[in-house]
> 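Could you have a look at this structure, given as structure tokens, before my questions?
Please read these numbers as outputs of a predicted model, since none were measured by experiment.
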Amino acid sequence: SPNPSPSPSPNPHQVIFLIDRTFEAFLQKVVDAVVTVYDKYLEPDDLVGYYGLGDGWIFDVQPKGADAAGLREQIVGSVEKAGDPHVYSSIETCVGCLATQVDAQYSKWLVVLTDTVDFECVNERNQFDKESPARAEAAVTRVIGRMSAMVGLNLVLLDASGIANFNAKHTLWPTWRRLSQRLTDEVGEHNSGVNIQAAEVSEIDDAFEKIAGRMSGGAAA
């Protein structure tokens, strides 16, 4: 009799990696870390998507097993500066995808790596003004509304602002920091959020190991 096909894992994952490619200094490390999680922790029947901050889908959400080598090649090849600091709208796009695409058997993960800087809160003249914090707040409130309507979302936000060190004197830093924390604090009562600070490039690997530990149900976090 023919061999039965392997049974799918009891709790397949749907994982979207949202990475900030606007800052070259940590890009190679980030991509390496994504490759490690992809290789070691994602099964063929897991769904995976890869999104560039302020840039769009590097590849759409799809089963890893459909083209595992091809998808891996696209991750490895993504070490190029691209995109814009559009944190909240990029998160909203990925959350929307997780909210609509698959049924409840999937464990839904959004793994975001960014320096948390968002440039979409400028005014119509492309300048930061006294209304910028309120615009950023409104964008985050909208994302929180989308997340709160979901069940079973796991949001991991890896804050690399200590590495990227974008303009330390920028007036919006207190807003960006607070809103980054708000996203994981107010992820919704049926969801989980974790905010990980990476102050050194070397800490990115550790952070991704923690994420992988959480995904595989371990207590690594």
Side-chain angles (χ1 to χ4, degrees), residues 14-42 47-62 64 67-98 109-122 126 128 136 139-140 143 155-168 170 172-173 176-177 179-180 183-184 194-212:
Q14 182 187 16
V15 185
I16 296 176
F17 294 102
L18 166 56
I19 71 157
D20 190 334
R21 297 197 292 163
T22 63
F23 187 73
E24 283 171 295
F26 59 52
L27 190 48
Q28 182 70 57
K29 199 70 177 165
V30 171
V31 170
D32 289 348
V34 172
V35 169
T36 298
V37 175
Y38 179 85
D39 286 347
K40 283 170 65 175
Y41 298 100
L42 295 188
L47 301 174
V48 59
Y50 194 38
Y51 194 94
L53 193 81
D55 188 36
W57 293 101
I58 299 165
F59 57 77
D60 287 325
V61 175
Q62 56 195 284
K64 174 183 173 180
D67 182 20
L71 296 182
R72 186 184 194 278
E73 213 167 280
Q74 287 188 67
I75 299 172
V76 171
S78 66
V79 186
E80 54 179 292
K81 190 172 180 195
D84 292 295
H86 297 168
V87 176
Y88 313 131
S89 62
S90 296
I91 291 176
E92 188 173 10
T93 297
C94 294
V95 166
C97 175
L98 288 163
W109 290 81
L110 175 56
V111 178
V112 183
L113 185 132
T114 175
D115 63 3
T116 72
V117 169
D118 187 88
F119 276 17
E120 285 187 297
C121 57
V122 291
N126 213 27
F128 293 99
V140 166
V143 176
L155 172 66
V156 181
L157 199 150
L158 187 53
D159 176 348
S161 56
I163 304 169
N165 208 9
F166 160 79
N167 189 354
H170 201 289
L172 275 165
W173 268 121
W176 288 326
R177 289 213 172 90
L179 291 179
S180 160
L183 281 164
T184 50
V194 60
N195 202 301
I196 302 173
Q197 306 286 318
E200 305 281 338
V201 172
S202 59
E203 291 174 26
I204 291 173
D205 274 349
D206 294 344
F208 271 85
E209 281 292 331
K210 277 186 186 165
I211 293 162

> Just so I know, are the side chains of I204 and I163 near enough to count as touching, which here means a heavy-atom distance under 4.5 Å?
yes
> Can you tell me how far apart CZ (R177) and CG (L172) are? Round to the nearest 0.5 Å.
11.5 Å
> With the side chain counted from C-beta on, respond yes when V31 and Y50 share a heavy-atom pair under 4.5 Å apart, and no when they do not.
yes
> Enter the distance from L158:CG to Q197:CD here, rounded to the nearest 0.5 Å.
8.5 Å
> With rounding to the nearest 0.5 Å, note down the distance linking OG in S90 to OH in Y88.
11.5 Å
> Step through the shown structure and confirm whether more than 12 heavy atoms of other residues, nucleotides or ligands are within 6.0 Å of CD on Q74.
yes
> Taking the side chain from K81 and the backbone from L27, do they hold a donor-acceptor pair closer than 3.5 Å?
no
> Name all residues meeting the ring-ring contact (aromatic ring centres under 6.0 Å, His included) criterion together with F26; count only those two or more places apart in sequence or in a different chain, and write none if there are none.
F23
> Name each donor-acceptor pair under 3.5 Å that joins a side chain in residues 52-61 to protein atoms two or more places apart or in another chain, with its distance.
residue : atom : partner : partner atom : Å
D55     : OD2  : R21     : NH2          : 2.9

> Mind checking the OG-CD spacing from S78 to Q28? Nearest 0.5 Å is all I need.
9.0 Å
> Any heavy-atom pair between the side chains of F17 and W109 that's under 4.5 Å?
no
> Would you name the heavy atoms of W173 and V117 that are closest together and state the gap between them?
CH2-CG2, 3.6 Å
> Is there side-chain contact between V15 and Y38, with at least one heavy-atom pair below 4.5 Å?
no
> Please round to the nearest 0.5 Å and tell me the distance separating atom CD1 of I91 and atom CG of L183.
5.0 Å
> Under 3.5 Å, side chain of K64 to main-chain N/O of L42, donor-acceptor pair present?
yes
> What are the two closest heavy atoms between A198 and E203, and how far apart are they?
CA-OE1, 3.5 Å
> For the OG1 atom of T36 and the CD1 atom of I211, what is their distance to the nearest 0.5 Å?
11.5 Å
> Is atom CD of Q62 surrounded by more than 12 heavy atoms (other residues, nucleotides or ligands) closer than 6.0 Å?
yes
> Look at E209 together with K40 and state whether they make a salt bridge at an N to O cut-off of under 4.0 Å.
yes
> Can you check whether S161's main-chain N or O pairs, donor with acceptor, with D159's side chain at less than 3.5 Å?
yes
> Work out which heavy atom in V87 is nearest to a heavy atom in T116; give both atom names and the distance.
CG2-C, 4.0 Å
> For C94 and L110, work out which heavy atoms get closest and say how close.
CB-CD1, 3.7 Å
> According to the interplanar angle, ranging from 0 to 90°, do the rings of H170 and W176 count as parallel (below 30°), tilted (30 to 60°) or perpendicular (above 60°)?
tilted
> Counting distance only, does the side-chain N/O of N195 pair as donor-acceptor with the main-chain N or O of T184 below 3.5 Å?
no
